[in-house]
Amino acid sequence: MQIDPEDDILQDFLVESREIVDALGEQLVELEQRGDDSDLLNSVFRGFHTIKGGAGFLGLDPLVSVCHRTEDLFNLLRNGERQANGELMDQVLRALDVVNAQFESLEAGQPPQEAPAELLTALEALIDHGTVGTAASTGKDTPEPTADDVDQAFDAMVMALSDEPDPTGASESPAAAASDDITDEEFEALLDQLHGEGSHAGVPAEAEQPPVGTPAEDAKTADDDAISEDEFEALLDELHGKGQHAGVPDGEEAPAAPALAPRAPDRVPTASMPARATVDAPAGSAAPAAAVRGETSVRVDTARLDDIMNLVGELVLVRNRITTLCGDVGQEAVNQAVADLELVTSDLQSAVMKTRMQPIKKVYGRFPRLVRDLARDLGKEIRLDMRGEDTDLDKNLVEAISDPLIHLVRNSCDHGIETPEVREAAGKPRQGTLLLSAEQEGDHILLVIADDGAGIDPKALREKAVAKGLIDAESAERLSDKESFDLIFLPGFSTKEQISDVSGRGVGMDVVKTRIAQLNGTIDIDSAPGAGTTLRVTVPLTLAILPTLMVRIKGRKFAMPMAVVREIFSTDLRKTKVVDGRRVVVVRNKAMPLFFLERWLEGIPGLDGASETDDTDRQVVSVMVGNQAIGLVVDNVLGLEEVVIKPLGTLLHGLSGLVGSTTTGDGRIALIIDIPSLINTYGDTL
């Protein structure tokens with residue numbers, strides 16, 4: 001079948017279903033621990049039922065097939081006929097993976113692939129026998145969903161709006177499912193959905209069915225699609241209010257009964273598009289509550305938000321320029337106007353940034369499943385504790401921070417938390433605990449990954465680094481315990497003796513460190529042998545507007561990201577020393593290596609110039625590169641300034657040591673220095 005990824009109905013279905021699937025991932029892992037939780041069981045059942053209903057309306061049979069079987073299985077769980085265990089949850093989680101893959105195909109404009117036959121057979125065996133072991137011997141094929149599943153699409157969508165169980169009953173009898181008519185109870189449930197439970201009078205007394213054998217009953221039997229005039233009057237009374245309609249004009253017959261059985265509508269109302277018409281309410285009736293709530297939100301293409309953010313960035317640059325010019329004018333009225341402009345610009349900047357924010361739960365939501373699978377593979381018992389999931393982060397950072405966090409979580413499960421037997425022998429609970437937390441600290445977000453596992457022995461780290469030739473023995477001896485922890489970020493370093501699918505190849509942690517540094521973030525480790533390890537990752541709220549320290553080098557302005565700056569001080573180069581060919585300065589009884597950035601500029605045509613200071617008295621900006629504090633020697637430190645990152649021009653594109661450019665308050669162009677790549681590439685020559 002042809003899939004149009006731009007179709008509004010398909011897009012609404014995908015948006016809502018993605019939210020459901022994300023929630024299901026967490027709920028299923030939680031359900032494995034609390035298999036008798038009826039609320040969780042009902043929520044998971046409704047999730048698969050809603051996806052199946054929407055997929056049935058859109059004719060996505062492969063998606064209907066897997067959701068139909070999973071829904072049937074959870075119906076048995078809800079009724080107490082099956083118990084949630086590891087075997088069952090393994091298959092359900094596999095089914096969820098298949099559903100995710102089918103959604104990815106739809107988003108790419110491709111029809112969803114059929115679920116593996118082995119998975120469908122396993123689900124059928126769980127439904128019929130409660131175990132996968134009988135799947136091969138049953139040879140039983142579960143009937144494919146009937147046309148009634150399409151009829152239930154409307155039920156599923158109304159249910160998604162109201163977040164209530166399916167009013168028509170998902171476990172109705174086959175006879176009821178095959179009929180196009182609905183019972184009085186189903187009609188009552190539909191009226192509850194339209195008017196609110198208990199807000200209608202039910203089937204009026206005057207519209208009740210007459211006794212069998214009466215002329216009216218005989219007429220109805222002769223034509224099941226027609227209703228009597230009295231019944232039609234009663235229905236109009238229900239919709240418009242008693243006496244508020246004109247009734248049936250004289251000389252006209254009562255119209256044919258409207259199709260009360262839910263049918264697939266021309267447009268599917270979903271939870272993500274409540275502002276559109278869901279059920280055509282009669283004139284004068286109250287609008288459904290869901291429609292009122294829906295008017296408070298709108299789906300916007302993220303590209304539009306990026307455009308708005310770019311415009312706000314340009315406004316920030318203009319504000320900086322006006323502020324600089326205002327200092328030259330010196331008139332009080334102008335100063336006040338500029339102050340007002342700064343206030344409004346800051347508020348606008350903050351408001352636009354909030355539209356780009358997403359909760360960190362977008363990343364954290366995948367960890368319950370990840371930790372659950374790792375624990376089973378490693379033979380460990382791990383409890384995941386997540387806090388601060390509603391902490392907001394720029395959408396670009398949410399996507400960028402995902403891979404580093406996944407690697408850190410995998411390392412904590414593999415390296416940190418011990419097996420149940422080892423923990424028990426050490427006097428610990430058999431089940432280890434992994435904490436994931438997030439909180440905002442000023443203009444940064446603090447992410448914490450902490451475990452109560454074996455911890456890190458700093459002495460063992462130093463010995464391993466020396467054995468691998470990553471550091472000499474003398475340098476290792478000078479490292480403090482805190483500095484020793486940072487050795488795990490050296491390329492090729494690993495404490496894992498045996499290579500596994502999880503870790504032990506000596507790659508990864510250095511990549512994590514580099515990736516976080518590229519996001520203008522930092523990572524810090526604290527550990528105690530036998531007590532556990534805590535990793536703290538700090539990243540900025542947004543990457544669009546960057547706080548920087550403006551410096552001058554050989555007559556040119558440069559910007560350094562404030563995230564890596566530790567301190568600023570002046571030094572007399574005549575009082576420095578040379579150690580191993582590198583000039584160093586002693587700060588708080590520790591030697592700090594100095595790097596002269598003008599030597600870097602001398603090798604770049606067009607950027608070299610004359611120094612504005614003498615050769616003795618210089619200013620030093622102390623920054624962190626890896627686990628080492630270094631000093632960058634500059635001519636002058638000019639001050640703090642928020643800048644908007646712009647791409648480099650053709651001549652400088654791809655040059656190591658630069659991350660972008662910006663326009664400063666005086667209207668000049670300043671290059672933004674990428675300190676880690678600068679030191680890694682040119683460190684030996686500076």
Side-chain angles (χ1 to χ4, degrees), residues 367 370-371 374 378 380 382 401-418 422 432 434-437 446-519 521-539 563-564 623-630 675-677 679-680 683:
F367 289 132
L370 175 66
V371 171
L374 284 174
L378 299 169
K380 298 180 179 181
I382 304 175
I401 201 66
S402 176
D403 288 343
L405 287 182
I406 288 175
H407 194 95
L408 294 177
V409 168
R410 290 169 66 91
N411 267 17
S412 293
C413 293
D414 189 24
H415 291 270
I417 297 179
E418 315 96 325
V422 172
L434 178 62
L435 168 67
L436 287 178
S437 70
L446 174 63
L447 308 174
V448 175
I449 304 98
D451 65 71
D452 64 347
I456 302 175
D457 183 354
K459 182 179 178 181
L461 288 178
R462 292 191 289 267
E463 292 174 351
K464 178 68 69 173
V466 172
K468 287 181 171 289
L470 300 175
I471 189 174
D472 60 82
E474 184 180 352
S475 298
E477 287 297 325
R478 292 199 299 264
L479 294 177
S480 66
D481 289 351
K482 181 72 172 176
E483 292 170 334
S484 298
F485 295 145
D486 289 330
L487 291 173
I488 66 174
F489 295 116
L490 294 176
F493 184 88
S494 176
T495 58
K496 193 76 169 178
E497 298 294 341
Q498 183 177 0
I499 294 176
S500 69
D501 291 337
V502 179
S503 60
R505 291 175 172 78
V507 296
M509 290 302 283
D510 60 317
V511 177
V512 168
K513 178 87 171 182
T514 301
R515 184 59 181 146
I516 292 175
Q518 290 172 347
L519 300 175
T522 61
I523 181 170
D524 178 71
I525 300 179
D526 191 14
S527 183
T533 303
T534 300
L535 298 101
R536 295 179 178 86
V537 178
T538 303
V539 292
V564 297
V623 299
M624 290 296 298
V625 176
N627 62 339
Q628 176 69 53
I630 66 172
I675 295 174
S677 69
I679 299 301
N680 290 336

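Counting from 1, the numbers follow the sequence of the chain as shown. Only heavy atoms go into these numbers, but all of them, side chains included; no hydrogens, no water, no symmetry mates.
The side chain to side chain donor-acceptor pair (under 3.5 Å) test applied to S402 returns R366, not counting sequence neighbours. Applying the side chain to side chain donor-acceptor pair (under 3.5 Å) criterion to S527, with sequence neighbours excluded, gives T533. Scored by the side-chain contact (heavy atoms from CB on, under 4.5 Å) test, A454 finds E418 as partners (sequence neighbours excluded). For R515, the side chain to side chain donor-acceptor pair (under 3.5 Å) partners are Q518, not counting sequence neighbours. Every salt bridge (charged side-chain N to carboxylate O under 4.0 Å, His left out) that E474 has, sequence neighbours left out, goes to R478. Partners of D452 under the side chain to side chain donor-acceptor pair (under 3.5 Å) rule, at least two apart in sequence or in another chain, are R423.
A473 approaches V466 most closely through the heavy-atom pair CA-CG2, 3.9 Å. The nearest pair of heavy atoms linking L434 to C413 is CD2-SG, 4.0 Å. Closest of all the heavy-atom pairs between I488 and M509 is O-CB, 3.3 Å. Closest non-hydrogen pair, K482 versus I525, comes out as NZ-O, 2.8 Å.
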Next on the checklist: Evaluate L479 against L487 for side-chain contact (heavy atoms from CB on, under 4.5 Å), listing each step before the verdict.
Outcome noted: CA-CA 10 Å; L479 294 177; L487 291 173; 4.0 Å; yes
Item to check | Stepwise side-chain contact (heavy atoms from CB on, under 4.5 Å) check, V537 with L408 | outcome: CA-CA 10 Å; V537 178; L408 294 177; 3.9 Å; yes
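Between F489 and T514, the closest side-chain pair of non-hydrogen atoms is not below 4.5 Å. The shortest distance between side-chain heavy atoms of P404 and I523 does not fall below 4.5 Å. The side-chain heavy atoms of I630 and V623, taken from C-beta on, include a pair separated by under 4.5 Å. Contact of the M624 side chain with the V564 side chain is not registered, since no non-hydrogen atoms from C-beta on lie closer than 4.5 Å.
Between the side chain of K380 and the backbone N or O of L374, no donor-acceptor pair lies under 3.5 Å. With hydrogens and angles disregarded, no donor-acceptor distance shorter than 3.5 Å links the side chain of K513 to the backbone of T522.
Of the inter-residue distances, the one linking D524 atom CG with D486 atom CG reads 7.0 Å to the nearest 0.5 angstrom. Here the CG-CD1 distance, from N411 to I449, works out to 10.5 Å after rounding to the nearest 0.5 Å. In this structure, OG on S484 lies 10.5 Å from CD on E463, to the nearest 0.5 angstrom.
Other residues, nucleotides and ligands place no more than 12 heavy atoms under 6.0 Å from the NZ atom of K459.
For the pair R462 and D481, the salt-bridge criterion is met [side-chain N within less than 4.0 Å of a carboxylate O].
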